[in-house]
Amino acid sequence: MADVRLRFSPAPTGFLHIGSVRTALYNWLHARHVGGTFILRIEDTDIARSTQESIDQILHVLHWLGLEWDEGPVLQSHRFDAYLAAAQRLLDAGAAYECFCTEDEVRERNEQAMRDGRAPGYDGRCRNLTAEERAARAAAGRPRSIRFRTPDDGRSTFVDLIRGEVSVEWSTVSDFVIVRSNGTPVFFLANALDDVDMDITHVLRGEDLIDSTHRVLAIRRALGHADQPVYAHLPLILGPGGAKLSKRHGAVSVEEYRDAGYLAPALLNYLALLGWGPEDGREVLTLDELVSEFDVGTVNTSAATFDPKKLEWMNGEHIRAMRLADLVAEVLPFARTRYDGRLDVPRFETAVQLAQERATTLVQIADQMAFLFTDDDQLDIDPASWEKLTGVEQAPAILDNVIEFVERTEPWPVEVDVRPAIDALGLKTGKVMHVVYTAVEGRSSGLPLFPSIALLGRESALRRLRTARARL
RNA sequence: GCCCCCAUCGUCUAGUGGCCUAGGACGCCGCCCUUUCACGGCGGUAACGGGGAUUCGAAUUCCCCUGGGGGUGCCA
């Protein structure tokens, strides 16, 4: 059997959308699952909108995610000659024709058609021009684009791996531009030729491209290629409410999730589950497990709604499953930007360990240890927590007792269990422990108190407790 | 408007004619555990869009409607 070859082919016209990442992931998973080749192709035929910055971003993001490619990146902008030569072949064969309508004219006629209740689409004005007519228009300086001549009747049908047979009536597909009047090739042409030239065997892409497949395949056939790749159109990812996933719904770019403290394997795990799941129904899977379980043939047909809450849960699961050393390495950059030169590595590692069981993002982990890397008199006290503290009638007594308890604790333990100091007041420790949390950590919820006090050291803990007591 | 695709709890999904008084996960609610918050454990809430047809029997097959999404670009 021939080598399986897949490509991820984004257009570098902005940040990498979360939906594109899922497409990249499925392509990568399938390639790895069958031992095929994963190719990165940059579809930058629209030179006006494509940017180098966007290309760099795509490469960085894929790298961060761990979706390494075996070939490429292949830039379509470097292959214009090949596309234009193909366009010429289509022209020579009569499969395409020169069109001298301007963009504005076409748009205007379309709008008129809509007003008249007729179907929009190119009206075929230049479809059957004689050589003399073409020469006259060219001589008159009219812009020249090249349009593909779609069949007048019959149906276009292809078999989709996920959806089965998909077809459309050719009469509803009007002639479309394959070379712009500025001489650059359009997606349909570049895509069709590249898939041939790169020996692509499987095309996994978003369902939004399902209609364009008929046109790409028509070009491919007109170019003399009777074979075709296996197509699988993936269900779209929608935002909350079923609308298109957009910035309005929060983060839509990978960088935003990375900066918010999400792990690449967790993000990929969640994205993989949007439209697919392993046979045994497990949900928390490593990248390796995804590779071995993935089967593009079992991908769902219906669009999925992105749920940030479930992603967050998933991230927590991955955090908890990590080896401490790996987690420490992941949190480190976040801690560095926050605590800069104050970071004390042994303390930091212990704090990560304490946070591992209770955090859902790396940012949470880094934030929870803030109290360890701040001066005692600079401790940032959360207003809501302080308010809760002042609501406890016996707060002064609690702090007094805890201060005394901490003062005489000998030897200094790994965990300073201050419960006896509160028990002595006849209070239920669980109900008022937040008072001590707030005094020591600056907020009523955070890392476990006893090891935190020990980590802070006696003098530092006492200063904080006394400061809080004095403020009451 | 026309074309294409889709349709099970709020969300992701299992379910491929009887095992379904529809299962799991996230979320939400309650209880337990507990030094806060979490984690964990237990329990609860909640769905087959509507109408026909086929069948002894339909979430599962077919048709219509409705709804949602996508396309209809000299974007991809």
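Letters go in sequence order (proteins before strands), and every chain restarts at 1. Please read these numbers as outputs of a predicted model, since none were measured by experiment.
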Quick one: on RNA chain B, does A:M114 or A:Q368 contact a more 5' nucleotide (nearest heavy atom)?
A:M114
With nearest nucleotides of RNA chain B determined for A:T305 and A:F176 from heavy-atom distances, which residue corresponds to the more 5′ nucleotide?
A:T305
If the test is side chain to side chain donor-acceptor pair (under 3.5 Å), which one of A:T301, A:D211, A:D160, A:D208 qualifies with A:H233?
A:D160
Specify the separation, in whole Å, of atom [atom1] of [X] and atom [atom2] of [N].
| X | N | atom1 | atom2 | result |
| --- | --- | --- | --- | --- |
| A:Q356 | B:A38 | CD | P | 18 Å |
| A:E312 | B:C39 | CD | P | 10 Å |
| A:R215 | B:C3 | CZ | P | 16 Å |
| A:L209 | B:G70 | CG | C1' | 10 Å |
| A:E283 | B:A14 | CD | P | 11 Å |
| A:D194 | B:A76 | CG | P | 13 Å |
| A:R163 | B:C5 | CZ | C1' | 6 Å |
| A:W276 | B:G24 | CH2 | P | 21 Å |

Is the backbone of [Y] close enough, under 3.5 Å, to the side chain of [X] for a donor and an acceptor to pair up by distance?
| X | Y | result |
| --- | --- | --- |
| A:D417 | A:F450 | no |
| A:T438 | A:H434 | yes |
| A:R142 | A:F100 | yes |
| A:D46 | A:T13 | no |
| A:Q356 | A:I319 | yes |
| A:T374 | A:A370 | no |

Work out how far the [atom1] atom of [N] is from that of [M], and round it to whole angstrom.
| N | M | atom1 | result |
| --- | --- | --- | --- |
| B:G18 | B:G71 | C1' | 41 Å |
| B:C32 | B:G23 | C1' | 25 Å |
| B:G30 | B:U66 | P | 43 Å |
| B:U21 | B:G67 | C1' | 29 Å |
| B:G68 | B:G24 | P | 31 Å |
| B:C48 | B:U8 | C1' | 4 Å |
| B:G10 | B:G49 | C1' | 16 Å |
| B:A47 | B:G1 | C1' | 34 Å |

Proximity to the side chain of [X] - top-ranked nucleotide from [options]:
| X | options | answer |
| --- | --- | --- |
| A:F188 | B:C2, B:G1, B:A76 | B:A76 |
| A:D307 | B:A76, B:C26, B:U36 | B:C26 |
| A:T45 | B:A76, B:C5, B:C39 | B:A76 |
| A:L236 | B:A14, B:C2, B:G70 | B:G70 |
| A:P120 | B:U72, B:C2, B:G70 | B:U72 |
| A:S302 | B:G69, B:C75, B:C6 | B:C6 |
| A:D208 | B:C74, B:G70, B:G73 | B:G70 |
| A:D46 | B:C6, B:C75, B:A25 | B:C75 |
| A:L238 | B:U36, B:C4, B:G69 | B:G69 |

Please classify the nucleic acid contact of [X] as base, sugar-phosphate, or nothing, using heavy-atom distances under 4.0 Å.
| X | value |
| --- | --- |
| A:G446 | base |
| A:S167 | sugar-phosphate |
| A:G316 | nothing |
| A:C99 | nothing |
| A:S444 | base |

Under a 3.5 Å limit for both distances, which nucleotide forms a Watson-Crick or G-U wobble pair with [N], could you say?
| N | answer |
| --- | --- |
| B:U72 | B:G1 |
| B:C26 | B:G10 |
| B:U36 | none |

According to a cutoff of under 5.5 Å between the ring centres and under 30° between the ring planes, does A:W313 stack with the base of B:C26?
no
Return yes if the base of [N] and the side-chain atoms of [X] contain a donor-acceptor N/O pair under 3.5 Å, otherwise no.
| X | N | result |
| --- | --- | --- |
| A:R358 | B:C39 | no |
| A:S181 | B:C74 | yes |
| A:D211 | B:G70 | yes |

Side chains of A:T157 and A:R155, donor plus acceptor under 3.5 Å:
no
A:R115, CZ: over 12 other non-hydrogen atoms inside 6.0 angstrom
yes
Respond yes when some side-chain nitrogen or oxygen of A:N300 is under 4.0 Å from OP1 or OP2 of B:A14, and no when none is.
yes
Under 4.0 angstrom between A:S212 side-chain N/O and B:A76 OP1 or OP2
no
